[in-house]
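A short write-up of the structure that comes next.
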Protein chains: 2
Amino acid sequence: MTVEQPSTREQILLQASILFARQGYHATSTRQIASAVGIRQPSLFYHFPTKTDIMRALLVEAIDGPVAAVERQLAADGSPAIRLHRYIVQDLITLCESVYNLAGTTTAAVLADPEFAAAASRYRCLFAARTRLIQEGIDAGEFFPVNAEFASRAIEWAIEGLHTEIVSGSPGTLEADVNQVADFCVRALLIDGSKIDEIRAAGPAATAG
Amino acid sequence: MTVEQPSTREQILLQASILFARQGYHATSTRQIASAVGIRQPSLFYHFPTKTDIMRALLVEAIDGPVAAVERQLAADGSPAIRLHRYIVQDLITLCESVYNLAGTTTAAVLADPEFAAAASRYRCLFAARTRLIQEGIDAGEFFPVNAEFASRAIEWAIEGLHTEIVSGSPGTLEADVNQVADFCVRALLIDGSKIDEIRAAGPAATAG
DNA sequence: GTCTATACCTCGATAGAC
DNA sequence: GTCTATCGAGGTATAGAC
């Protein structure tokens with residue numbers, strides 16, 4: 001029974017993700033990445049043709065999990081509030097459980113760059129799906145009749161905000177904070193805020209059921 | 001009656017703020033800034049000793065207004081919900097009405113840099129003051145007994161999120177969106193969410209009264 | 001698959017003429 | 001107060017030995 005050693009390619013992605021999260025993509029040099037991996041700078045280019053491609057690989061990691069999470073809840077049973085709460089929790093858990101530090105990858109300054117246009121497009125799909133989930137709650141009379149697109153943006157800000165904090169801060173508080181974000185966002189929409197406890201309680205078990 | 005021409009110094013701050021907002025601080029070169037101003041790159045250094053000092057000047061603009069806004073509401077009369085709502089609106093209006101584009105200036109990746117330590121310290125004061133305002137609402141029984149620091153963070157994410165969108169997007173929707181953010185944040189805390197309309201209505205007039 | 005060496009570029013900043 | 005010219009550092013990426 002052998003333990004898989006992380007390949008150099010995976011090490012590059014890991015160390016690059018840590019540096020990108022801390023300093024930003026443009027402020028991080030390929031020399032820094034190589035140094036963190038323990039190889040020389042030109043050796044990076046055996047594994048990735050350009051620095052851009054390192055970021056592109058991380059963007060796929062950062063977007064695919066959340067997209068899967070929201071689509072799962074769009075297709076699931078239960079009240080919209082329960083499914084929205086569950087989606088927010090799963091989105092954050094997906095991001096935080098990644099082996100990479102994906103904070104800041106989907107920042108506007110990054111996605112605005114033409115060389116990341118493909119990721120930006122996929123990120124807009126995530127936004128649209130989340131908006132649909134919110135609209136279901138409004139149509140069902142469970143949520144205030146707010147602008148669903150606006151609410152979708154606000155939830156994105158909260159998810160990105162906590163994600164950035166968790167991966168760059170003290171560990172251990174993940175589950176508590178994740179639930180607090182989901183509570184905050186769902187309560188901001190709920191007509192009957194007192195139902196938040198049962199909505200949260202309905203979350204974790206429901207997917208398996 | 002003469003119309004003041006913007007000085008070169010102000011032009012540099014303006015164009016730098018626009019480029020920093022769009023591309024980030026590190027991705028923006030002094031040549032780009034100079035080109036946008038209409039001067040040559042070395043001429044910048046007659047007005048600012050370093051590129052860092054340009055950003056420092058913008059950070060003062062980005063933080064002082066919000067600090068003043070929250071301290072005004074900490075000292076004001078009225079229910080905590082009304083004052084928190086009013087603060088959020090004023091914070092955003094202050095940021096958006098600045099002649100500079102201040103989006104992204106207070107990003108973690110910027111404030112983490114030691115050369116911006118002074119601004120980071122002042123930013124923490126803003127956070128602490130906002131947390132106090134929220135705690136007043138909890139103590140008064142108007143808000144859910146959430147973690148006040150967590151709520152303060154969530155409100156920060158929403159303010160930064162909308163600020164970034166407004167200054168880099170289509171104009172005209174400012175007031176509507178600002179109220180939506182304040183509504184979203186206050187409703188997430190309010191035990192009785194149905195009161196949001198009267199809380200919002202109490203906002204604009206109260207400071208002058 | 002990693003190395004040394006290096007090409008070539010752009011960066012922030014300086015010197016000194018005007 | 002702005003210019004031209006340029007410096008030295010550090011950026012991404014390539015060539016070719018091992």
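Below, chain A is the first sequence line, B the second, and so on; all start at residue 1.
No side-chain donor from either of B/D183 and B/Q180 sits under 3.5 Å from a side-chain acceptor of the other. Side chains of B/E115 and B/T52: a donor on one and an acceptor on the other come within 3.5 Å.
The only member of A/I93, A/L95, A/I88 that meets side chain to side chain contact (heavy atoms under 4.5 Å, CB included) when paired with A/D91 is A/L95. Put simply, the residue from A/R86, A/R130, A/R83 that forms a side chain to side chain donor-acceptor pair (under 3.5 Å) with A/Q73 is A/R86.
The nearest whole Å value for the distance from the CE atom in A/M55 to the P atom in D/dT12 is 13 Å. A/F45 places its CZ atom 17 Å from the P atom of C/dA7, with the value rounded to the nearest Å. Atom P of nucleotide D/dG1 and atom CD of B/Q11 are separated by 15 Å, given to the nearest angstrom. Atom CD of B/E115 and atom C1' of C/dA13 are 14 Å apart (whole Å). The separation between B/H47 atom NE2 and C/dG12 atom P is 17 Å, rounded to whole Å. Atom CZ in B/R56 sits roughly 15 Å away from atom P in C/dG12 (whole-Å rounding).
In this structure, A/Y25 has its ring center under 6.0 Å from that of A/F116.
For the segment residues 18-40 of chain A, the set of residues with a heavy atom within less than 4.0 Å of an atom of DNA chain C comprises A/I39, A/R40, in numerical order.
Looking at the side chain of B/S43, the nearest of the listed nucleotides D/dT12, D/dG1, D/dC3 is D/dC3. Here the nucleotide nearest the side chain of A/Y46, chosen from C/dT2, C/dG12, C/dA5, is C/dT2.
Under the 4.5 Å side-chain criterion, counting only non-hydrogen atoms from C-beta, A/F184 is in contact with B/L189.
Nearest-nucleotide assignment on DNA chain D puts the 5′-proximal partner with B/Q41, out of B/Q41 and A/K51.
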